[in-house]
Amino acid sequence: MSMRITRPLVVVTNREPYVDEKTRTGIRVVQKAGGVVSALDPLLRESGGDWVAWGSGSADRQTAPGGIRPVPLKDPKYRLHRIYLTPEEVNGYYNRYANQGLWPLSHMLIERAQFSRQAWSIYRSVNLKFARKVARESQPGALVFSHDYQLAVLPSLLRQLRPDVSIAHFWHIPWPAFTVYRLCPQYQELLRGLLGADVLGFQTPDDVEAFLTAVERTFRSVPVDRSNHRIPWQGRTIEVRAFPISVDIEDIEQLVRTPRVSRLAQGIRRHLAADGRVLGVSVDRADYTKGIIPRLEALEEFFTRYPHRRGEVNFLQVVVPTRSEVQAYRLLYRQVEDTTRRINEAFGTDDWQPVTTIRRSLDRPRLMALFRAADFALVSSLFDGMNLVAKEFVSAQVDRQGVLILSETAGAAQELESALSISPWDPEGFAATLEEAVSMPPEERVRRMDDMRLQIHQNTLYDWVQAILTTLQEVAGTYVQS
Ligand code: GDG
């Protein structure tokens, strides 16, 4: 990526880009795959800088003398600063306040949200721990790029400690309607926390509008500039913008065209799409916001309403383990298994099993091979900030024959208008759309896929990083055209 960074850069995330784990024979480095890491790791390797994150690996202390883990270990290009948390801190900050409070509330699933003053106090103190570390490690006038709902109060805490740095904070998940957001007992403190940033980024224009409304309704005397999306706040002006996150489509295209991934894709088709069968796939973290159960119920409806499709469609659901310390997540997997069994018992025959659910994570080549091999992908989130799986499926579809079925309540739907749109709350409509996907003529598949692929080519992961950091540099008054 060629972008000119004019001041020292500090990235702050909850999860670290490299986790060092003890094994029987030594230490294994686990690289955390995911949008943010794959965009910012190359940038920091190129421009140098610092990354501050929770050190969660069992060998993290060993590889980070003085809390600093060089990246890469040999021939270091940047410094990863690890923050160590006690089990009580992990529980209060991460499992409880962030994942059982802010996560469901932001996805408007209010019945699942739980808050407590005790969890809040731990959340705040962990944010302070992060702020102190960033304050200590940042060079004068640094650009700080912090992330997400785990670190909502970091921006203002950091600003108090270091008024000289400029801060961009990106919110990866939806921003809920004010009537919902206000249910969080600490909603004012959280807003004040975020307003410590100079640039606040959200996934979609709808999130930006919802955030501006929250500020207007909470602080009635603040004259929010709705047409320019600016908030005057304590003598500064905060820019609030939509920066839709994306994927590295060129990298995915290259990967799926390698002989290894092409062979893997052929193997998948031989196994799951033999005899002209149609292969549908979904890949999600095992999270209730992803709409896995409504999706399986829609498949059930599909095989009921279109009996001639029995025996013709194979559906593969990959469920990636996540947040297993939280009970709701453990329960979900059991529900997925039960629903899968019910569908297979109702419709399966001696030589056909409609749904295969596998519970594991796949390495990137296997994941992309699956996306290339599939005839359709189902993304049925109840709410989703963006949904990178949708964009990765489109990127991997170099043969342009696949169909994307996409929830209209995922952020990605605002860009990928040529997907077939569904509501996860409408099983009959969802089933009818599945039938439309299965019977879609090849020319229409190609046309829709071309539209979506063009869209992603025009806004890649690097455009996302560049847009945010350019805005931050403009605000900081240091922007230099590269
Ligand atoms: C949050 C927001 C927003 C998944 N399983 C495997 C695997 N993955 C990768 C996918 C994708 C990423 O994880 C998941 O990203 P999503 O966007 O789909 O969802 P969240 O994890 O909920 O992410 C979301 C995102 O932040 C970014 O801003 O889009 O709305 O909720 O990249 O490919 N990767 C590998 N094996 C797996 O088994 N290698």
Side-chain angles (χ1 to χ4, degrees), residues 13-15 17 30-41 98-99 102-109 145-151 169-176 201-204 206-207 242-249 251-252 255-256 261 264 281-292 295 316-323 329 332 357-372 374 377-396 404 406-407 409-416 456 459-461 464-465 467-468:
T13 53
N14 168 56
R15 286 272 178 206
V30 183
Q31 191 183 1
K32 286 288 153 188
V36 176
V37 172
S38 37
L40 294 173
D41 179 67
N99 286 341
L102 292 179
W103 174 268
L105 190 79
S106 300
H107 291 85
M108 298 204 265
L109 301 170
F145 186 11
S146 56
H147 291 262
D148 229 1
Y149 63 100
Q150 300 94 353
L151 298 172
H169 190 86
F170 188 77
W171 191 263
H172 289 259
I173 64 178
W175 190 273
F202 293 90
Q203 300 278 22
T204 68
D206 284 350
D207 297 318
F243 299 100
I245 198 168
S246 192
V247 295
D248 186 350
I249 183 168
D251 183 64
I252 295 175
L255 179 65
V256 297
V261 175
L264 283 168
V281 299
S282 291
V283 178
D284 319 79
R285 286 189 299 103
D287 193 299
Y288 51 79
T289 63
K290 302 294 179 187
I292 303 172
R295 170 189 314 158
L316 176 64
Q317 169 71 59
V318 181
V319 193
V320 183
T322 182
R323 304 181 191 172
Y329 286 77
L332 176 70
T357 298
I358 56 173
R359 180 193 202 178
R360 56 171 281 204
S361 66
L362 302 177
D363 61 20
R364 201 170 149 80
R366 283 195 172 75
L367 187 66
M368 294 304 153
L370 184 60
F371 289 155
R372 181 172 181 183
L378 296 185
V379 173
S380 56
S381 320
L382 305 179
F383 291 101
D384 214 325
M386 177 55 62
N387 196 288
L388 292 179
V389 166
K391 291 187 172 182
E392 287 163 353
F393 170 70
V394 170
S395 304
L404 174 64
L406 177 59
S407 167
T409 45
Q414 299 202 9
E415 293 167 88
L416 303 179
I456 298 176
N459 181 33
T460 69
L461 184 56
W464 173 78
V465 175
I468 296 176

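Treat the numbers as computed from the prediction; the structure is a model and nothing was measured. In listed order, ligands and their atoms are each counted from 1.
Considering backbone and side-chain N/O of D384, one or more are found under 3.5 Å from N/O of ligand 1. The shortest N or O to N or O distance between D363 and ligand 1 is not below 3.5 Å. Considering backbone and side-chain N/O of L362, one or more are found under 3.5 Å from N/O of ligand 1. Of the polar atoms of I173, none of the N or O atoms is found under 3.5 Å from an N or O of ligand 1, judged by distance alone. Residue M386 has at least one nitrogen or oxygen atom sitting less than 3.5 Å from a nitrogen or oxygen atom of ligand 1, judged on distance alone.
Ligand 1 lies nowhere less than 4.0 angstrom from a heavy atom belonging to F393. For the pair K290 and ligand 1, a heavy-atom separation below 4.0 Å is found.
Taking a cutoff of 4.0 Å between a charged side-chain nitrogen and a carboxylate oxygen, D287 and K290 do not qualify as a salt bridge.
Distances from atom 2 (C) of ligand 1 to the heavy atoms of R364, R285, H172 put H172 nearest. Among V283, L367, N387, V36, the residue whose heavy atom lies nearest to atom 34 (N) of ligand 1 is L367.
Here the side chains of R285 and V389 are not in contact, with every heavy-atom distance at 4.5 Å or above. Counting heavy atoms from C-beta on, the side chains of F393 and V283 never come closer than 4.5 Å. Counting only heavy atoms from C-beta outward, the side chains of S395 and F371 never approach each other to under 4.5 Å. A heavy-atom distance below 4.5 Å is not found between the side chains of V281 and L378. In this structure the side chain of Q203 reaches within 4.5 angstrom of the side chain of I245, judged on heavy atoms.
When non-hydrogen atoms are compared, ligand 1 lies under 4.0 Å from the side chain of V320 (C-beta onward) but not from its backbone. At a heavy-atom distance under 4.0 Å, no atom of W464 approaches ligand 1. Contacts with ligand 1 closer than 4.0 Å are made by side-chain heavy atoms of I245 only, the backbone lying farther away.
In the vicinity of Q203, heavy-atom distances shorter than 4.0 Å reach the ligand 1 atoms 3 (C), 28 (O). Interface of G385 with ligand 1, defined as ligand atoms under 4.0 Å from a residue heavy atom, comprises 30 (O).
Among all heavy-atom pairs drawn from L316 and L370, the shortest one is CD2-CD1, 3.6 Å.
Ring pair W464/H147 is tilted by interplanar angle, where 30° to 60° counts as tilted.
Although no hydrogens or angles enter the test, the distance criterion places no donor-acceptor pair under 3.5 Å between the side chain of D248 and the main chain of L461.
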